[in-house]
Amino acid sequence: MSEPIREESKTSVSFIEQFIQEDIRNGKNEGRIHTRFPPEPNGYLHIGHAKAICMDFGMAQKYGGKCNLRFDDTNPTKEDVEYVDSIKEDIRWLGFDWEEREFYASDYFGRLFEFAVDLIKKDLAYVDDQPAEVISQQKGTPSQPGEESPYRKRTVKENLDLFFRMNQGEFEEGSRVLRAKIDMTSPNMHMRDPIIYRIIKIPHHRTGRYWNVYPMYDFAHGQSDYFEGVTHSLCTLEFEVHRPLYDWFIDQLKTGDYKPRQIEFNRLNLTYTMMSKRKLLELVREGRVNGWDDPRMPTLCGLRRRGYTPESIRRFVDLIGYTKVEAINDVSLLEHAVREDLNTKAPRVFGVLNPLKIIISNYPKDLVENVEVINNPEDESMGSRQVPFSREVYIEQDDFMENPPAKFFRLAPGTEVRLKGAYIIKCESFSKDEVGNITEVFCTYDPATKSGGHMSDKKVKGTLHWVSARQAVDAEIRLYDRLFSHEDPAGQKDEDYRKFLNPDSLRILSGCKLEPLLASAKPLEKFQFQRVGYFCVDYDSTPEKPVFNRTVQLKDTWSKVNKA
RNA sequence: UGCUCUGUGGUGUAAUUGGCAACACGUCUGACUCUGGAUCAGAAAAGUUCAGGUUCGAGCCCUGACAGAGCAACCA
């Protein structure tokens, strides 16, 4: 027998990978492959970042290179150590390792400052004393060229003096900036004398009050790549127009042949999902969700708590691919990826969400039997377990119908069904309360039909999952639905997205009945409740009060029966 | 009105670099019933934004339109 074709060999090679292969072929940068993942520590990582992480670390892995983790911490007004820690945890959880290469743009503040001084000396940078609005006005518009600042012709000596004094804290925030001297008439706005240093007096989370000037993104990113020996700087599409500036700075800086290269790819967008860090922060602050790790959030910690596996997220990223098209990916593909993964990993267990009591009138009152049930029919190695069975059991409310339609194979007056792993029972009668709700169903069982017994091959139309009433564990189950009811909340006008919030995104069911072994389930353990869906034990679960989050629903094909 | 990028079934991606447009998700059929909402079998669905050109042959090359996105933070 030949080995099945490896998943990897079926996947096509992205345009980025083609560039990388070409660079290796040409012996560029001695054939080294070195990437980096550069988050700004101003929020939690979400599934969009997972796409970048998989690319950055994935390419290094595949081509025997390295991938650095670098925190892009050039703006102390927005950043915090809280985020640094969560980012590291989430990358590890996803399954990637930066080894000892944990870097910070702030590590390079000294060298960047020197480089800026260098540019000043070469008359390629100057201090501008104008206020922000004036500088912005002089920049022109995308269709109209800008005009030069009156300070553009300052002498090198004066620029040097002012820049040092800016850093000594002599001037107020906003009073002066350092700009690169490039071309105010360039068709590319980013080349119109970009601001490269600004005064900020808020302490930095790592360097404290040491600096009073901080480099802008464009002045830090490429250079940091260069300092670290990065060869391929992969980022998202919106940085495409920054590339000439990226190259300009590195050309001023580089001394040998080595040069990093920026390549852009498309961002991950998901239907019904909002990925803007700023807006996610708003949802947290306004209390519309219960924190960054609320299972409805698209954050990695939210998905983790919801029961998504790192494998399923990596698989999803692999499925959607990397291109330059602004795509909106269907969440159903992500859901498919989790089902696919969990289907093989999550043991099947009995859990009844909406219990209906069955009383088996001819079953001995005090008898408790243990019946054996397979843990995963797709994987024998997962073994089996014992489940207690007794005279009173719960089944799912919608597994019983008083007036069943055609093709309803479950329990109804006069019909027989098998209780999975146990006996065939027959419905004899049922009782209702004043308002007409069915309260109890009375059945009889046939002792000869026990699973594995001599009459066990008797045919019945349906099989139901159940939980023994006396031994059942009462649990709380949280059903999560999509946070937004609009397919593209992120595409809406800034403040509009709130009106697409789905009021039913969280439903809490209490009094759910589970089989006893689930009382000792550990947080983050995953199960498939037979016929109901995939569930994950929540962090705040206790043996006294187990709490389960629904990871994802099974595909609902049984509803066809109800429609008929 | 400028510059940069992008247009392939409903969605996301392929197409050995010029050779019968393929795969996945989704949708719809059907089979299977000691639960597996799994699995299996099948179907519908694009002629590649449009118009020219080169070629025996174009999704791919050329020209010109059209459409969408990004760019005017002392954010990243």
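Chain letters run A, B, ... following the sequence lines, proteins first and then strands; every chain starts at 1.
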Legend entry - N or O in side chain of A:Lys450 less than 4.0 angstrom from B:C34 OP1/OP2: no
Inset, instruction - Would you verify whether the NZ or CZ of A:Arg154 falls within 45 degrees of the ring axis of A:Tyr126 while also being under 6.0 Å from that six-membered ring's centre? - result: no
Inset, instruction - Using only side-chain N and O atoms of A:Gln144, determine if any of them is under 4.0 Å from OP1 or OP2 of B:G2. - result: no
Legend entry - Proximity to the side chain of A:Pro142 - top-ranked nucleotide from B:A38, B:C75, B:A72: B:A72
Legend entry - Phosphate-side-chain proximity, A:Thr74 and B:A76, N/O vs OP1/OP2 below 4.0 Å: yes
Inset, instruction - Mark up nucleotides 9-14 of chain B, 5' to 3', with B wherever a protein heavy atom is under 4.0 angstrom from a base atom, S wherever such an atom reaches only the sugar-phosphate, and - elsewhere. - result: --SSSS
Legend entry - Complementary nucleotide of B:C61, counting Watson-Crick and G-U pairs under 3.5 Å: B:G53
Inset, instruction - Strictly below 4.0 Å, heavy-atom distances to any atom of RNA chain B: list the hits from residues 173-192 of chain A, or just say none. - result: A:Gly174, A:Val177, A:Pro187, A:Met189, A:His190
Inset, instruction - Establish whether the base of B:C25 is bridged to the side chain of A:Ser332 by a donor-acceptor pair shorter than 3.5 Å. - result: no
Inset, instruction - State whether A:Phe37 and A:Arg70 meet the cation-pi test: NZ (Lys) or CZ (Arg) under 6.0 Å from the six-membered ring centroid, and within 45° of the perpendicular axis. - result: no
Inset, instruction - Kindly assign one of parallel, tilted or perpendicular to the pair A:Tyr246 and A:His221, based on the angle between their ring planes and the thresholds 30° and 60°. - result: tilted
Legend entry - Presence of salt bridge, A:Arg152 and A:Asp128, under 4.0 angstrom: no
Inset, instruction - Taking side-chain contact (heavy atoms from CB on, under 4.5 Å) as the test, write out the residues that go with A:Leu517, two or more places apart. - result: A:Arg385, A:Glu515
